[in-house]
Amino acid sequence: MTTIKKAVFPVAGLGTRFLPATKAVAKEMLAIVDKPLIQYAAEEAEKAGIDTLIFVVGRTKNSIIDHFDKAYELENELALRNKDALLQIVKDTVPEGVSCVFIRQSEALGLGHAVLCAEAAVGNEPFAVILPDDLIHNEGDNCMQQMVAVYNKYQASVIGTQTVNMSESDKYGMVAGPKVEDRLAMVDEIIEKPAPEEAPSDQAVVGRYILTPAIFDILKRTERGAGGEIQLTDGIAALRKCEEVYAYSFEGTRYDCGSKMGYLQATVEFALRHEELSEKFSEYLKNL
Ligand code: G1P
């Protein structure tokens with residue numbers, strides 16, 4: 001039985017919705033309280049047993065590469081000042097046994113193209129894809145842990161989904177298919193950003209995928225779709241004609257941190273849950 005050891009993080013987007021904050025810094029480096037989005041995503045993968053993090057980066061790559069690099073001077077300085085807790089936080093950015101791979105996506109040709117850029121690093125094994133601007137909070141098992149459990153049982157591709165308001169279907173990949181068990185359905189149909197009247201259901205793809213390596217050859221043949229981009233959704237629509245693909249409605253709260261509103265909601269709610277801040281911050285909000 002194979003399981004999931006590699007995760008691909010497509011982080012080459014231009015982040016135009018957050019300009020000028022994202023002029024020189026990747027949008028995935030924006031912090032929710034004290035941690036960048038990309039690190040929440042990396043930690044979710046690590047907890048799910050993934051040991052190889054593959055970042056497909058774009059023009060603001062330096063901030064992401066630097067974040068996952070060893071920070072000798074900073075570590076020395078913190079050690080000299082006996083700031084042990086902070087030193088540990090810095091060291092834990094990449095835990096022992098986890099390795100990082102960086103790949104350049106030189107042209108912004110879409111999510112499907114970004115995933116294809118990771119082919120050589122992934123090889124012939126199933127892998128996860130995590131879009132860091134979909135931040136998911138769980139009290140129990142995280143979203144990728146839940147999805148790896150589904151993969152382990154069915155040994156087939158799994159897509160993370162959530163119910164959305166039909167009026168928002170043109171912001172998501174939308175899926176439909178027969179129910180298999182609680183929270184799990186087969187994918188019969190999957191369409192990228194359909195108008196509400198064309199959406200097959202109210203189930204939207206959220207940025208979590210487990211894919212078999214068959215997706216790579218399919219993506220090579222996938223033509224440009226919605227927005228003139230090579231869409232991962234179109235690749236998955238072709239994949240499900242050759243293999244079973246499952247839609248898993250995960251447990252957890254998802255914040256769309258690719259939008260200002262979602263980013264602010266995540267900031268407030270993570271601050272309210274934050275060990276150091278929760279009391280003071282909740283007091284502050286009450287008096288605001
Ligand atoms: C991408 C996918 C879309 C998915 C969404 C989830 O779209 O193409 O199918 O529903 O992520 O966040 P994007 O938000 O990058 O336009």
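Atoms within each ligand, like the ligands themselves, are counted from 1 in listed order. For reference, positions follow the sequence shown, starting with 1.
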How does the hydrophobic cluster around Met261 look, that is, which other residues are in it when side-chain heavy atoms under 4.5 Å mark a link?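 Met261 shares its hydrophobic cluster with no other residue.
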With sequence neighbours excluded, tell me which residues meet side-chain hydrogen bond (donor to acceptor under 3.5 Å, both in side chains) with Lys286.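 For Lys286 there are no side-chain hydrogen bond (donor to acceptor under 3.5 Å, both in side chains) partners, ignoring immediate neighbours.
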Assign the ring pair Phe270 / Tyr255 to parallel, tilted or perpendicular, where the plane angle (0 to 90°) is split at 30° and 60°.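 Answer is perpendicular, since the angle exceeds 60°.
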Are Val129 and Ile218 connected into the same hydrophobic cluster when the rule is that any two of I, L, V, M, F, W, Y join if their side-chain heavy atoms are below 4.5 Å apart? yes
Please list, chain by chain and in numerical order, all residues satisfying salt bridge (Lys or Arg N to Asp or Glu O under 4.0 Å) with Arg221, sequence neighbours excluded. none
Distances for all N or O pairs of ligand 1 and the protein under 3.5 Å?
from: ligand 1; atom 1: 7 (O); to: Lys193; atom 2: NZ; distance (Å): 3.4
from: ligand 1; atom 1: 8 (O); to: Glu192; atom 2: OE1; distance (Å): 3.4
from: ligand 1; atom 1: 8 (O); to: Glu192; atom 2: OE2; distance (Å): 2.7
from: ligand 1; atom 1: 9 (O); to: Gly173; atom 2: N; distance (Å): 3.0
from: ligand 1; atom 1: 9 (O); to: Glu192; atom 2: OE1; distance (Å): 2.7
from: ligand 1; atom 1: 9 (O); to: Thr233; atom 2: OG1; distance (Å): 3.2
from: ligand 1; atom 1: 10 (O); to: Gly173; atom 2: N; distance (Å): 2.9
from: ligand 1; atom 1: 10 (O); to: Val205; atom 2: O; distance (Å): 2.6
from: ligand 1; atom 1: 12 (O); to: Asp134; atom 2: OD2; distance (Å): 2.7
from: ligand 1; atom 1: 16 (O); to: Lys193; atom 2: NZ; distance (Å): 2.5

Going through the distances and angles, do Arg240 and Glu189 end up as a salt bridge (charged side-chain N to carboxylate O under 4.0 Å, His left out)? CA-CA 9 Å; Arg240 77 130 213 93; Glu189 270 188 89; over 6 Å; no
